[in-house]
Trainee: 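Questions regarding the structure given below will be posed in turn.
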Number of protein chains: 2
Amino acid sequence: MDTFDLDQFFPYRLAVLSTKISKGFAEVYGKEFGISLAEWRVIVHLAMAGKVSVREIYQRVDMDKSKVSRAASRLEAAGVILKKVNAQDKRLVELSLTPKGKRMMDRLAPMARDYEAQVLAVLSPEQRAALEGIFDTLLEAE
Amino acid sequence: MDTFDLDQFFPYRLAVLSTKISKGFAEVYGKEFGISLAEWRVIVHLAMAGKVSVREIYQRVDMDKSKVSRAASRLEAAGVILKKVNAQDKRLVELSLTPKGKRMMDRLAPMARDYEAQVLAVLSPEQRAALEGIFDTLLEAE
DNA sequence: TTGACTTCATTTCATTTGCAACGATATGTT
DNA sequence: AACATATCGTTGCAAATGAAATGAAGTCAA
């Protein structure tokens, strides 16, 4: 039978590392704000993009339609975002951060930057530079 | 409010890339063998390690206890692995590949190598070398 | 205007997930 | 031996997930 080293298999290594790092960060903001990864992504995208539809979010942020919809509902219930039917096109729902949401983002952003910096700190400057190019390439591949 | 570019955030990029690559590969072996990612990992680990317990698998392979247990049950039902209570310690369940499982692995291994090669083909040799070192470092960090 | 299509967000439904509880077995202490 | 404690794998359960169905709203062509 063929032998195969899972530990050296790139998709596996990638998955393990991603899980580890995402969980590590989720613990940080989860403890502070009680939000999930999906909610974090919605908040961040709204902070970037301003007033956008559900569709715009899930197209940009690598999440399922229903996942975004549900995250948005929870965030609305928590007073973090606002949902408003678009006046021109009533199929669209405009999402936007409330003042509370903006204050949350003001604290989330530095937490994210700190966490990222801490993770990448184990790499040399050359490695960090190489990593960027590698990810650019892999992410746009195919 | 603080501005923040999710697309450049390392944990996010990692998650997107990992999802993309794992799904791409899962489609390959899913179409061929109808197995899930959890089942793929169990099979591969058994191919590497021979006769091992459930515990040994989930400790080595970054999965939940119950996930491994359920994957193993499905694989047993499909005739791919064998479950046998350890004679010395009856709490342990020894998992091993059946001949059918071994034949499956003989086809899975080249598929995996091909897929990995195809993914990494977009990188230069220098980038591939750098990537290895980077992952070694990040995976053992903290 | 009517009817056929498309798009949008939510919801439904079956499945998957992770955690905790469980029963069974093993170990260690008195 | 008797009891407490620890470990193993499975299962119960509530929550999360993804795919498809739904209904509401918009678009287009006849």
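Naming convention: chains lettered A, B, ... in sequence-line order (proteins, then strands); numbering from 1 in each chain.
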Trainee: I'd like to know whether Asp7(A) forms a salt bridge (charged side-chain N to carboxylate O under 4.0 Å, His left out) with Arg60(B), so could you lay out the CA-CA distance, the side-chain angles of the two residues, the decisive distance to 0.1 Å, and finally the verdict.
Mentor: CA-CA 9 Å; Asp7(A) 287 322; Arg60(B) 285 279 296 127; 2.8 Å; yes
Trainee: Look at the side chain of Lys83(A) and the backbone N and O of Ser96(A), then say whether any donor-acceptor pair between them is shorter than 3.5 Å.
Mentor: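 Not confirmed, Lys83(A) side chain does not pair with Ser96(A) backbone.
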Trainee: Would you indicate whether the side-chain heavy atoms of Tyr58(B) and Lys67(B) approach each other to under 4.5 Å?
Mentor: no
Trainee: About how many Å separate CG of Leu46(B) and CG of Leu95(B), when rounded to the nearest 0.5 Å?
Mentor: 5.5 Å
Trainee: Axis-to-axis angle across the helix from dT1(C)-dA30(D) to dT30(C)-dA1(D), five pairs an end, to 10 degrees?
Mentor: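 Roughly 10°, once rounded to the nearest ten degrees.
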Trainee: From the options Arg103(B), Arg74(B), Glu39(B), Met104(B), select the one residue that forms a side-chain contact (heavy atoms from CB on, under 4.5 Å) with Val80(B).
Mentor: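 Going through Arg103(B), Arg74(B), Glu39(B), Met104(B) one by one, the side-chain contact (heavy atoms from CB on, under 4.5 Å) with Val80(B) is satisfied by Met104(B) alone.
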Trainee: Look at the side chain of Thr19(B) and the backbone N and O of Ala15(B), then say whether any donor-acceptor pair between them is shorter than 3.5 Å.
Mentor: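 Pair found, side chain donor or acceptor close to backbone of Ala15(B).
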Trainee: Atom CD of Glu94(A) and atom P of dA25(D): how far apart are they, to the nearest Å?
Mentor: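 One finds 16 Å between P of dA25(D) and CD of Glu94(A), rounded.
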Trainee: Taking heavy atoms of chain A and a 4.0 Å limit, find me the 5'-most and 3'-most nucleotide of DNA chain C within that range.
Mentor: dT7(C) to dT12(C)
Trainee: Does Leu97(A) offer a backbone N or O that forms a donor-acceptor pair with the side chain of Lys51(A) under 3.5 Å?
Mentor: no
Trainee: Does Arg13(B) pair with Asp136(A) as a salt bridge, N-O distance under 4.0 Å?
Mentor: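 Judged by the 4.0 Å cut-off on N to carboxylate O distance, Arg13(B) and Asp136(A) do form a salt bridge.
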Trainee: Quick one, which residues of residues 77-91 of chain A touch DNA chain D with a heavy atom under 4.0 Å?
Mentor: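 Within this stretch, Gln88(A), Asp89(A), Lys90(A), Arg91(A) sit under 4.0 Å of the strand.
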Trainee: Flag the pair Val16(A) / Phe135(B) as yes when at least one side-chain heavy-atom distance between them is below 4.5 Å, and no otherwise.
Mentor: no
Trainee: Any idea how Tyr115(B) and Phe25(B) line up, ring-wise: parallel (<30°), tilted (30 to 60°), or perpendicular (>60°)?
Mentor: parallel
Trainee: Test your reading of the model: is there a side-chain donor-acceptor pair from Thr98(B) to the backbone of Gly79(B), 3.5 Å cut-off?
Mentor: yes
Trainee: Give the intermediate values and the outcome of salt bridge (charged side-chain N to carboxylate O under 4.0 Å, His left out) for residues Arg107(A) and Glu32(A).
Mentor: CA-CA 10 Å; Arg107(A) 307 213 13 235; Glu32(A) 191 79 8; 2.2 Å; yes
Trainee: Verify, without hydrogens or angle tests, whether Arg128(B) (side chain) and Leu120(B) (backbone) share a donor-acceptor contact under 3.5 angstrom.
Mentor: yes
Trainee: Under 3.5 Å, side chain of Thr137(B) to main-chain N/O of Gly133(B), donor-acceptor pair present?
Mentor: yes
Trainee: The criterion is side-chain hydrogen bond (donor to acceptor under 3.5 Å, both in side chains); which residues satisfy it with Asp114(A), sequence neighbours excluded?
Mentor: none
Trainee: Mark up nucleotides 13-18 of chain D, 5' to 3', with B wherever a protein heavy atom is under 4.0 angstrom from a base atom, S wherever such an atom reaches only the sugar-phosphate, and - elsewhere.
Mentor: ----BB
Trainee: Short of 4.0 Å, heavy atom to strand atom, which residues of residues 39-57 of chain B count as contacting DNA chain C?
Mentor: none
